[in-house]
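Read through the structure below, which is laid out as structure tokens, and then see the notes.
So that the names make sense, note that chain A is the first sequence line, chain B the second, and so on, each numbered from 1.
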Amino acid sequence: MDSFLEEEEDEEAAVGRKRSPAAPAGSTLQPPLHLPFLPVLLHQPASSHENKVNFKKSKEACLSYIQDAMLQKQWKRAAEFLTFYVESLEKDYSREPISPSEMIWRIGTEILCHHSHSSMKEFNCFVEQMKTLGVKRYLKVCLEHVFHLLCNGQIDEAYQNLSLAESWRFGEQTALQDKEMKLIQAYRGLLDYYSWSKQKNVLLERGLDGFADLSVEQEMHSCFRKAAVNLKEIIKIPGVWDLFVKCYVDLLEFYGDHNEARQVLNEYAYNSKFPANPNAHVYLYQFLKRQGESKKSVISALKILHDIVPSHELMIDFNTMLQKSKKRKKRRLGLEVIFAALDYAGWKENVKAWSCLARQVKQIVISEKHLDWIKQEWNSRKDWWPAFHFSRYLAKRNWQENKNLSYEKALVAGILLGKDGKYFKYVSHQGCKAQVKRFRILKKFVNRRNPVYLRISGLSDSSVQP
Amino acid sequence: MEADIIADLATMLLREVVNTDFMTNSRVQTISKGSRKQEKTDGGCEWYVCEGFQLILKKQAEALEALGVCSQMKDEVLYSFWRCYLQKSKQAYCNRPAGETVKALSVRESSTDVDSEPERPSLLHLLSLSESEGDLLTDCSFASSMSKVSESTSIYSGSVDGSLYLMKNQKEKLRMTMPTTLSFCYMALLWLREPITLSELLRFVVEGHIPYLNVFQHFPEKMKLCGLDLKIFCVESWPVYEEVYNKMLELAVFLDLPRFPDITDSCFLHPDMLCIKYLMEANLPDELHNWTCRVVKKIGIGEVDFLTLVPGNKSTRKVKYDILAAAVIVVVLKLLFLLDDHYEWLLSDLAEERNKNNKEGGLYFEFKKWYEVVKHSLDVEQKKLDEERAKYLWRCEKPLFYSVKNKSRVLKRRQMVVNLQNQFGKLSGSVRRAEKPNPSSFQLRWSEENTDGSCFHGHSLKGILQEKCGLLTAMNPDYWLCTVKLCNEKLCGHLAHYREEDFPQSYHFVLRLFSFLLRIQPSYIHDEVCMIEHKLFNKKLYKKLKYNTVLRK
């Protein structure tokens, strides 16, 4: 019975050559190598203790379970594992990039935000504890706490927290956390503005009479002063401060300090140290419009906006303004602006935009002057606009969904692509079939103007009049 | 029989003890009389590190007793070993060793001139003198808090000889550490041939049935723990099999123990017996036991002389009973199924065919079905284990602080941790972890009564065996060796080097199964498998080598 191996020996011997034991690659005999003496330490390969389950490893595993649970929005499970992770606060991790206390703060906040059973009270309690954990993060934690309170509508508590944070001092940490401090002051300014605005509304509603409102008025003015100081400070620092700028300008305008307002807005829009921000120009434009400034300054403000964001929603107003202008250059710019806007998919179905373009194109065609403008604009677009805007599919869809849109587009299509273009043909045909008057007029118009199309598309030889 | 062994041990140890006139030893007198100098004002007393360890060992022995180990273990065997150790390491039961001052180094307020104390070791030097991984080393708060007092501040510990303990030269005397307590326990268990293997012991430790982590909580109030004591008594990692085992061997040599009681084939630790247990747990057919016995007999690992531990005998390879038994099963599986990712599935298909067509006479063992069932359970249990590992709580209620200055900070932190645990514990919805499960020898259980056919104990191996000359042999004619040549264990640390990608998936699965059951790395089982294979195929390998040398000539 025990010789089962022996009897196989004979077979193996024969088969042995062919089927040698499948020895894995790692253990084949190597030719001897002569190496210099290695210190004893290096004789051994990696320590067998690498699998040792210790504090650090088990906390790392715990953390990855927390992350998994959070990614899958399993908040109960994440909370469960967090209870096992918080132990790591008792150990010093000063060498790690992110300390456990920061980890716990961030994870805890997430869980408390999303967990169905958590309340604001619990959240506040948690954050207070977190504030005591890390001095280096104190202001950051305060700020995030304030944001959370604001998101939950607790404006008064947020204000209190901001005031508290502002008065915090901690040796050299105060200087190190200067940026957060500025933000805190700015947000306090913002909340001051908010209360100012509320009081202003109250006063305006009640009318200008009544001495009982004096206290309210005084309060309002003090809010203004507080807000103005802080907002002004933050705007000085290069950055994106849209909200603060708007509020500050509002304050200034109310109190009649238009110069200051204009200066602030110019600074915000044109100072190269500030990051490029389309909104800055929008605010400036709106301000100038409110102030009834000259067309020239308004247009120059919008021109920059056109350069940065050709697809901006103000482009329609811009085009309208430019079309009305007596100067040729301005009208030329207007055409450029509207064509550029319609390059973007967001404008494809915008009736107003198309009507602007249609009006301008029609006007040019009727006057027979400046056809080269259209030609220039169309040159770079004739390869792709037909498929982008004037396909047969779009013709059908536009006709079904929005007759106005199809009308305007058909006009443009008729001029740019001629009376035989797919779009125009379909829409005008449909329009005439439906016996809608304007479509019939349109058809006639385009048919009459076909030579213009030929000139634009460069199919005819006749020289172009300037 | 057991009583005889113990009596022998006791007399042997006593022989040594009697030689020393320990009545004059004031320290022993002090301890035995129970009188202490109540020096400290906070109610603490003087205590020595070895007393702490003595307490720990006592607790561990009590826990083992609660698990069913006989009471002799605690009262006689372990106690004898411990006494012997104390004597050999000259910590007690002997004349005060010359040259060693046991006076504690007290805390000084003012800084001392470094030059006047050239031999005073620096703090960091002491911190680095730990045998363990030194997880507490990374606790910079200790170093920083101490450095605030002064550079050469003396060492602070609650125990009398805490600092001295860490300074001791490791080579001369075997220094006591937390893992070493388990080595003591295992040595005692082995001496008594109790049916607990080392892997089981370590598993019980991790599951909390045997005090290990934070056992210092149970020190009496008077024994204040702080400073360097933490380095000695606090653990932040679970003990590793290799570490505990090797320490045990060292201990056995250090204590000059004689040959351990024989491990005969009626012993639980004998491979035949352990194989039964592991076969059951792995849900393999009982018929395989036949084969494991044959392998054991053929290579002689069932012999008393092979299995019994003889401390000091460096020529024999020491036996790890649990790993050995698991490896035998793996070898048997390889013999019968080849486990090359092809043949076993082929055999399984044949068995399936037969089972479908012929229901009478019992089911044939299908490797594929077994694999599916066991893999499923294994994955579930492994996942549970991984989650448990992520949920270990290492710290306990008793606060640990290195110095009084640190105390308030530590307490504050602890309070915050408890608060956070409460807060998020409420949010975790489910009930707090249930009480730790009852200790059990079997981790995977399969019952014949289950009608879903998930138990394979009773299945027959007929499908893979054939009759040849009246003997039952395996249908499988081939075998592949895990390694052609064994490494030098002393240099390499291993007999062979295991990498998952170098071996068939089925082989890896089987290793993974036993690796889970024994809570050790697959490479250790792989080592034993290589060893067994080389014994088994020794003649063939020897012949081949001889043939090669002949060829060369």
Side-chain angles (χ1 to χ4, degrees), chain A residues 1-5 7-9 11-12 15-16 19 21-29 43-45 48-49 51-56 58-59 61-62 64-65 75-77 79-84 86-87 89-95 104 108 111-112 115 117-118 122 125-126 129 132-133, chain B residues 133 135 138-141 236-238 240 242-243 294 297-298 340 386-387 389-395 410 413-414 416-417 419-421 423-430 468-469 471 473-474 477-485 491-494 496-497 499 502-503 521 523 536-537 539-540:
Chain A
M1 190 155 113
D2 296 310
S3 59
F4 72 95
L5 285 169
E7 50 179 40
E8 284 178 326
E9 258 187 38
E11 299 171 332
E12 275 277 14
V15 179
R19 265 200 237 245
S27 64
T28 46
L29 297 170
H43 278 170
Q44 295 188 10
S48 60
H49 290 315
N51 191 46
K52 204 164 181 179
V53 179
N54 59 10
F55 190 103
K56 190 165 171 205
S58 96
K59 290 310 167 205
C62 195
S64 67
Y65 276 106
W75 304 111
K76 286 207 180 111
R77 196 170 143 88
E80 187 190 344
F81 276 97
L82 189 61
T83 55
F84 298 113
V86 292
E87 262 201 326
L89 282 177
E90 296 189 76
K91 206 163 149 59
D92 181 44
Y93 275 75
S94 54
R95 290 193 206 141
I104 290 171
I111 295 179
L112 286 170
H115 198 285
H117 290 322
S118 80
E122 270 199 48
C125 172
F126 172 72
Q129 285 189 322
T132 61
L133 261 187
Chain B
E133 282 237 318
D135 300 311
T138 61
D139 206 320
C140 305
S141 55
E236 285 190 347
S237 60
W238 292 118
V240 170
E242 279 288 292
E243 198 186 329
R294 281 168 73 176
K297 184 137 182 235
K298 177 135 181 84
D340 67 342
D386 290 338
E387 278 194 18
R389 283 191 175 145
K391 290 186 187 173
Y392 287 146
L393 281 176
W394 300 89
R395 296 294 167 100
V410 168
R413 275 286 161 110
R414 181 75 208 156
M416 181 170 315
V417 166
N419 286 343
L420 286 172
Q421 279 176 340
Q423 186 173 23
F424 286 101
K426 275 190 235 144
L427 288 178
S428 53
S430 58
K468 245 185 185 182
C469 315
L471 296 169
T473 58
D478 295 327
Y479 194 88
W480 54 272
L481 285 177
C482 285
T483 173
V484 172
K485 186 162 192 251
L491 289 177
C492 254
H494 284 278
H497 298 277
R499 280 195 325 167
D502 291 338
F503 291 90
Q521 289 289 73
S523 49
L536 203 53
F537 294 101
K539 284 206 193 98
K540 227 169 277 192

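- Contact of A:Ile111 with chain B is made through the side chain alone, with heavy-atom distances under 4.5 Å.
- The side-chain contact (heavy atoms from CB on, under 4.5 Å) test applied to B:Ala390 returns A:Ala61, A:Cys62, A:Tyr65, A:Phe81, not counting sequence neighbours.
- Scanning all heavy atoms of the two residues, the minimum distance from B:Arg389 to A:Val53 falls at NE-CG2, 3.9 Å.
- Between A:Phe55 and B:Arg395, the shortest heavy-atom distance links the atoms CE1-NE, 4.4 Å.
- The line from CH2 of B:Trp394 to CD of A:Glu90 is 14.0 Å long, rounded to the nearest 0.5 Å.
- In this structure B:Gln423 satisfies the side-chain hydrogen bond (donor to acceptor under 3.5 Å, both in side chains) test with no other residue, sequence neighbours excluded.
- Of the two parts of B:Asp386, the backbone and the side chain both hold a non-hydrogen atom closer than 4.5 Å to a non-hydrogen atom of chain A.
- The two atoms that bring A:Val86 and B:Leu420 nearest to each other are CG1-CB, 4.0 Å, heavy atoms only.
- Between B:Glu387 and A:Arg77, at least one side-chain N (NZ, or NE/NH1/NH2) sits under 4.0 Å from a carboxylate O, which counts as a salt bridge.
- Residues A:Leu89 and B:Arg414 are not in side-chain contact: their nearest non-hydrogen atoms beyond the backbone lie 4.5 Å or more apart.
- Rounded to the nearest 0.5 angstrom, A:Asn54 CG and B:Glu236 CD are separated by 8.0 Å.
- Each of A:Cys125, A:Ser118, A:Ala79, A:Ser64 has some count of heavy-atom pairs under 4.5 Å with chain B, and the biggest count is that of A:Ala79.
- Note that the CD atom of A:Glu87 and the NZ atom of B:Lys391 stand 14.0 Å from one another [nearest 0.5 Å].
- Only the side chain of A:His115 comes within contact range of chain B, with heavy atoms under 4.5 Å apart.
- Looking only at side-chain heavy atoms (C-beta outward), A:His117 and B:Lys426 stay at 4.5 Å or farther from each other.
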